[in-house]
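Take a look at the structure set out below.
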Amino acid sequence: MGEKIKIIECPRDAMQGLEKIIPTEIKSAYFNRLLSVGFHTLDFGSFVSHKLVPQMKDTTEVLDQIQKRNTNTRLLAIVANTRGAEMAIQFDKVYYLGFPLSLSATFQMRNTNKTIEEAMDTVKEIHRIGKEKGRVLVVYLSMGFGNPYGEDYSIKAVTSAVEVLSASGISVIALSDTIGTATPKLIHDVVAEQVSHFPDIEWGVHLHSRSGEEEDKILAALEAGCRRFDGAILGFGGCPMANDDLVGNIPTEQLVRIVKSKGFETGIDEAALNEALKMAQQIFH
């Protein structure tokens, strides 16, 4: 048996930028299909402004229709403030709270209407709120590999932000290539530096990528010590707050194939994954 890789499926990320609203019943049926695949976590929805992300306005209704009885997959909901966190923890099905913290002041303001300092305070408060109810906060360190705004970026800046997060008790961090421009070398160097300095943190990557670049990026993160990977079936998605030219997520089916080829275990039922792929083709095309 090889070392286990945690595969996080992100249909919320794949759906949130779509103009056509997916009906709640179809969305819920798709999520229930995904819960049979064997993913570690399902990033299914968000408790954020309906005006900013109208696709996710039915998250509460979707939760009512999600069947968690026969799956070990954990549910993750994105929140942008303490109000969202308070809403999310009302649902026993939600285990992870995800918060987008950015190294870019411009993107932090665009994404959560906060300065970086305000966002860091919010992280600490959400962590407290979640911990009291047995929930775990996942911090997505967005623009973790650079930004398109001309703002300063360095690996040292990543480490400095993580030092604050670590001191605040954050135990899961996903380094995020929000605009899909990171090179494999940069991915390797950033991940390796953080894994080395903060071995007690569970490190993940949330990579966006243009077609043809995915494998090198995945392998770079693997070699640097990352064992938690986000993906989205068929590679749809991207952050609508980042750029008009959305770059898709790493396709989950490709991610699973690559990590398995390197001898890692994923816990994925490939027959169930193929059924989910068929359903996704109907939803996204």
Side-chain angles (χ1 to χ4, degrees), residues 6-17 31 34-35 39-50 52-53 55-57 59-60 62-63 66 73-103 107-108 110-114 116 119-144 161-162 165-166 168-178 201-208 226 228-232 237-242 249-250 252:
K6 294 179 179 179
I7 305 293
I8 305 350
E9 174 61 20
C10 303
R12 185 264 323 160
D13 205 20
M15 292 177 175
Q16 67 180 3
F31 293 168
L34 292 173
L35 287 174
F39 297 115
H40 180 273
T41 300
L42 186 68
D43 175 357
F44 78 100
S46 59
F47 292 90
V48 299
S49 169
H50 296 167
L52 293 177
V53 191
Q55 189 71 249
M56 295 293 111
K57 66 181 180 181
T59 291
T60 296
V62 166
L63 268 171
I66 284 180
T73 300
R74 293 170 171 175
L75 296 184
L76 181 150
I78 295 294
V79 299
N81 48 42
T82 53
R83 179 174 179 272
E86 293 283 7
M87 292 174 64
I89 64 172
Q90 300 306 311
F91 298 90
D92 291 339
K93 294 176 183 177
V94 176
Y95 181 80
Y96 288 113
L97 307 178
F99 182 84
L101 178 70
S102 185
L103 291 176
F107 185 60
Q108 190 72 65
R110 289 180 64 172
N111 203 27
T112 63
N113 198 32
K114 291 178 173 63
I116 292 176
M120 192 67 81
D121 288 341
T122 301
V123 164
K124 296 174 184 177
E125 186 62 13
I126 291 174
H127 174 58
R128 182 193 64 77
I129 291 170
K131 190 174 181 180
E132 289 179 354
K133 294 292 186 177
R135 308 307 202 277
V136 175
L137 174 61
V138 178
V139 172
Y140 285 90
L141 201 53
S142 66
M143 301 295 173
V162 174
L165 294 171
S166 178
S168 302
I170 305 303
S171 60
V172 186
I173 300 176
L175 297 162
S176 303
D177 183 15
T178 316
I201 288 177
E202 181 179 322
W203 286 103
V205 290
H206 182 98
L207 302 175
H208 292 173
C226 180
R228 179 187 177 102
F229 286 80
D230 286 18
C239 180
M241 307 302 172
N249 286 280
I250 296 286
T252 305

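This is a predicted model, so every value here is computed, not measured.
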Donor-acceptor pair, side chain of [X] and main chain of [Y], under 3.5 angstrom:
X: K93; Y: L75; value: no
X: T59; Y: S46; value: yes
X: K114; Y: A80; value: yes
X: R135; Y: I89; value: yes
X: T178; Y: M143; value: yes

Inter-residue atom distance [X].[atom1] - [Y].[atom2], 0.5 Å rounding:
X: H206; Y: Y140; atom1: NE2; atom2: OH; value: 7.0 Å
X: F229; Y: W203; atom1: CZ; atom2: CH2; value: 13.5 Å
X: L63; Y: F31; atom1: CG; atom2: CZ; value: 9.5 Å
X: L141; Y: D177; atom1: CG; atom2: CG; value: 12.0 Å
X: F47; Y: Q90; atom1: CZ; atom2: CD; value: 9.5 Å
X: Y95; Y: L42; atom1: OH; atom2: CG; value: 15.5 Å

Measure the shortest side-chain to side-chain distance between [X] and [Y] over non-hydrogen atoms and say whether it is less than 4.5 angstrom.
X: E9; Y: H40; result: no
X: F99; Y: N81; result: no
X: V136; Y: L97; result: no
X: V172; Y: L137; result: no
X: R74; Y: V94; result: no
X: M56; Y: H50; result: no
X: V162; Y: I201; result: yes
X: I170; Y: H127; result: yes

Might you point out which heavy atoms bring [X] and [Y] nearest each other, and give the distance in Å?
X: K124; Y: S168; value: CE-OG, 3.3 Å
X: V79; Y: A85; value: CG1-N, 3.7 Å
X: P11; Y: L34; value: CG-CD1, 3.8 Å
X: C10; Y: A232; value: O-CB, 3.8 Å
X: V48; Y: V53; value: CG2-CG2, 3.8 Å
X: P100; Y: I78; value: CD-CG2, 4.4 Å

> Does a donor on one side chain and an acceptor on the other come within less than 3.5 Å for T82 and E125?
Replying inline: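 Judged by distance alone, the side chains do not pair up.
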>> Quick one about Q108 and T112 (side-chain donor to acceptor, distance below 3.5 Å, no hydrogens or angles considered), yes or no?
In response: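 Yes - a donor-acceptor pair under 3.5 Å links their side chains.
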> Hey, mind stepping through I7 and T252 against side chain to side chain contact (heavy atoms under 4.5 Å, CB included) and telling me if it holds?
Replying inline: CA-CA 8 Å; I7 305 293; T252 305; 4.1 Å; yes
>> M120 vs L101, test: side chain to side chain contact (heavy atoms under 4.5 Å, CB included). Steps then yes/no.
In response: CA-CA 7 Å; M120 192 67 81; L101 178 70; 3.9 Å; yes
> Is the NZ or CZ atom of R12 both under 6.0 Å from the centre of the six-membered ring of F44 and within 45° of that ring's axis?
Replying inline: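 No, a cation-pi geometry is absent between R12 and F44.
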> Taking NZ, NE, NH1 and NH2 as the nitrogens, is one of them in R83 or E86 under 4.0 Å from a carboxylate oxygen of the other?
Replying inline: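 So R83 does not pair with E86 through a salt bridge.
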> Can you list the steps and then say if L76 with V138 is a side chain to side chain contact (heavy atoms under 4.5 Å, CB included)?
Replying inline: CA-CA 9 Å; L76 181 150; V138 178; 3.9 Å; yes
